Amino acid sequence: MTSSDSGSLAKRESRNFIQQIIDSDRVSGRVSGEIITRFPPEPNGYPHIGHAKAICLNFSLADEYQGRCNLRFDDTNPETEDMEYVRAMKLDINWLGFDWGVHEYYASDYFEQLYDLAIRLIKTDKAYVDSQTGEDIRANRGTVTEAGTNSPFRNRSVEENLSLFAGMRAGDFPNGAHVLRAKIDMASPNMLMRDPVVYRIKHASHYRRGNEWPIYPLYDFAHPLSDAIEGITHSLCTLEFDVHRPLYDWLVDALFPNPRPHQYESARLNLDYTVTSKRKLLQLVKENHVDGWDDPRMPTISGMRRRGYTPESLRRFCEMIGVAKADNRVDMAMLEFAVRDDLNALAPRVMCVIEPLRVVLTNVPAGSTENLEASYWPHDIPKEGTRLVPLTREILIEKSDFMEEPSKKFHRLSPGAEVRLRYGYIIRCNEVIKNEAGEITELHCSLDRDTKSGATPSRRVKGTIHWVSATEGVPVEVRLYDRLFRVANPDDVEEGQTFVSHLNPDSMTVFQAIIEPSAASKDTQDRYQFERQGFFYLDSKELENGKRVWNRTITLRDTWEKDNQPVPQPVRIKEPAPSPPIAVRDPLEGLDTASFDRAKQLDEQYGIGLEDAALLAVRPHIAGFFEEASKTAPSTAVANWLINELRPLLTEEGIRVLPFSAAEFAKLVELHASDTLSSRQAKEVLIEMIATGESSGSIVDRLGLKQISDESQLLSMVQEVLEAHPDRVEAYKGGKIGLIGFFMGQVMAKSSGSANPSTVKSLLERELA
RNA sequence: UGCCCGGUCGUCUAAUGGCAGGACAGCGGCCUUUGAAGCCGUACGUGGAGGUUCGAAUCCUCCCCGGGCAACCA
């Protein structure tokens, strides 16, 4: 699918964090079978560029690992969903070039299974029927800073819950009478875990299940369990769902512990000058700011298709922007590049004059027509094909290609100046004709017969312009599009305004243009480059009415225009790094009295500094561990190793129950302090000690670790490395001193990490001097 | 203000203790019968302050900044 040229593998392919997770899952054996992803839209709106990113991500990943990607409609809310959106979604995914095969699923098909799972939850006392009102539930949930309070119904018996839930399912109760809640923890710092509602009563007709179900599961219940039912291995979603992950895991642990899906979150796409919230897109459609979901200015997939973007360009764009966890706002230029790049090799060239100016070629006889052969493709595109372009006495050129008083770098027509007609001859402007109002109405030019296109160039002119015969050209409507919003981030609004106030009133302009005859008939291409104007695509909607209207997909890159009317680029000021008043912080600030005293004592007794002392003091057993180890090893080194090396290797649990004795730890520190082990080796040993509980001495023996400090031995390694990389030595001597790290790395690798780095470094510096 | 997640060229994204790399945008040049495309070159970055280390974007501490979370939506 996506072209991955195997030849470039040498250049170390970069992997995004999801790929890295999958890679390591396969190595570790967490996933032994197929990689199964899923794309899970709710059918309540038209898919947009943000969906395209998720579609490409999920399907490409499945492709890459030869697994599969399910299409699942998360249709658990009957009020907003519709078959129309299901159809749109499927169409757009296919159009993008992806295929889910037989794996088309609906959460609404799982209603029976999900209901049974809810019953299992009730039976294990992990869910209960709550009969509080919605307002009470909300009020009792607490706030972000205060814990919630338990529902008075939280302790209903399993039997009562079962019978109430059965009643809910049977339709015995009105909307809102009861809900089913997971019994988790009303005091959880994560609001989602405060007994989330998992089923609600909703007497509503579902677009697929009709009135079969009076109760519907909520996303937080349906989603993880649907993933589990389908055997999804990697469930990808956007960042805002990260707080849902504990709940996801809680439910899966309770009902599908193994094998089980895992959720991973990545940043959603934000694109300059567009909005992608469904609500806002819907508003644009409903308030007629645009011509429907597929208006060519819309960021919907259907809009982009109608505008003339290609599936390849969209996929390429998604590849370019990558996948990561940092919030982002992608520059339009990146999308535009992907589109132009694809279209350049795809669209045959023709000529079309959008704002015409009449030119009379005074030395061409009236009524004569010369058919010029013109290639559809520029010289650097290896495609063939030509058409005939009629040249007549009267032609039309673009208004903007003439300037009565040209600026210095204007390479086009002006009084007395010459320019080449594309595929034709060089002409000279002899006379400018104006009306009473002083407006230019036509130009009189003479044509130089000796300069026909393709002939040996007798002379050259700076400019080449497009043109169309005034008598043979065909009128046609073209629509030019600009960005829908005037500002990069339309969501960034002033008090009392909405994103709508940022709409660009000139986002579409319509022209009656004149196109060369070859592109005017019914049976021509639907996509062209109009030379020097941009790429155009036949509007599919108008075509249904038999009308040929050309949408400008995108302009050509135009360095001339940019030079001459600098469009102010979006100014995005980075936070003006508020130079912080260099506050000398008291490391003991905020400590309780006991820790405070302890920290002071540790610092005074061992001289390790207040900051480290405070770090140790807040955990009494760590402080004790430190003191114990300090008996047999230098206390500063013990503190450093404890804080900077040991702690990050341990889990919260591991820190509470340290995996070895203080004395053993001290031995290790001592091995390093005495130069027996390099720091790298000591870290290696530490990791082994945590993993196996083995003593440092036995690990050192087993792995045969010993630091090499012998100069002559190290010198020969250094020399070998330098000899092996003469180019880098050269570069180093040329000033790229960062390469010292490269050489160090080479020597360290050569010695399997046992070289004494200080010695190596001084040797390297000596040899490279 | 509680919890969670983030912060690398203008933008997007790599580098998982060892050369801060790529792409887009920019700038300069070459080429050109599209002021396109192509080719060559160039500038630009690790939020801040300390610490550990021979060596830190990466590990530790504190600070700063951004985002998310209190629907019976997804």
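If you're wondering where the values come from, they're calculated on a predicted model, not measured in any experiment. All values below were derived from every heavy atom in this structure, side-chain atoms included, with hydrogens, water molecules and symmetry-related copies excluded. Proteins come first, then strands; the chains are lettered A, B, ... in the order of their sequence lines, and each starts at number 1.
- A side-chain N or O of A:Thr80 and one of A:Glu42 form a donor-acceptor pair less than 3.5 Å apart.
- No contact: A:His223 has no heavy atom under 4.0 Å from any strand.
- Residue A:Pro648 is in sugar-phosphate contact alone, with no base atom involved, counting any heavy-atom pair closer than 4.0 Å across all strands shown.
- Crowding of A:Leu282 atom CG: a count of heavy atoms from other residues, nucleotides or ligands under 6.0 Å exceeding 12.
- Using a 4.0 Å heavy-atom distance criterion, A:Arg422 is classed as a base contact.
- Within 6.0 Å of atom CD in A:Glu730, 12 or fewer heavy atoms from other residues, nucleotides or ligands are found, so the atom counts as exposed in its surroundings.
- Residue A:Leu218 is in sugar-phosphate contact alone, with no base atom involved, counting any heavy-atom pair closer than 4.0 Å across all strands shown.
- In this structure, B:A36 makes no Watson-Crick or G-U wobble pair, since no nucleotide meets both defining distances under 3.5 angstrom.
- You cannot call A:Tyr219 stacked on the base of B:A74; the centres under 5.5 Å and planes under 30° rule is not satisfied.
- Every residue two or more places apart in sequence or in another chain that forms a side chain to side chain donor-acceptor pair (under 3.5 Å) with A:Ser678 is listed here: A:Gln681.
- Separation of the P atoms belonging to B:U46 and B:U8 is 11 Å when rounded to the nearest angstrom.
- Here A:Asn16 lies in heavy-atom contact (under 4.0 Å) with sugar-phosphate atoms only.
- The residue A:Val461 sits apart from the nucleic acid: no heavy atom pair falls under 4.0 Å.
- Looking at heavy-atom distances under 4.0 Å, A:Ile321 makes contact with sugar-phosphate atoms alone, never a base.
- Among the atoms of the strands shown, base atoms are found under 4.0 Å from some heavy atom of A:Gly176.
- Side-chain to base pairing of A:Lys683 with B:G17: one donor and one acceptor N or O lie within less than 3.5 Å of each other.
- Look at A:Arg412 and you won't find any side-chain N or O under 4.0 angstrom from OP1 or OP2 of B:G35.
- A:Arg647 comes within 4.0 angstrom of sugar-phosphate atoms only, judged by non-hydrogen atoms across all strands, and of no base.
- Using a 4.0 Å heavy-atom criterion, one finds that A:Met748 contacts the bases of the nucleic acid, with or without backbone contacts as well.
- Toward the 5' end of RNA chain B, the nearer of the two residues A:Asn640 and A:Ala333, judged by each one's closest nucleotide, is A:Ala333.
- Judged by distance alone with a 3.5 Å cut-off, a donor-acceptor contact links the side chain of A:Arg680 to the base of B:G18.
- Of the options A:Asn489, A:Leu271, A:Leu269, a side-chain contact (heavy atoms from CB on, under 4.5 Å) to A:Arg329 is made by A:Asn489 and by none of the others.
- The partner of B:A15 cannot be assigned: no Watson-Crick or G-U wobble pair with both contacts below 3.5 Å exists in any strand.
- Between the side chain of A:Gln533 and the base of B:U34, no donor-acceptor pair under 3.5 Å is found.
- Looking at heavy-atom distances under 4.0 Å, A:Phe241 makes contact with a base.
- A:Phe410 comes within 4.0 angstrom of a base, heavy atoms only.
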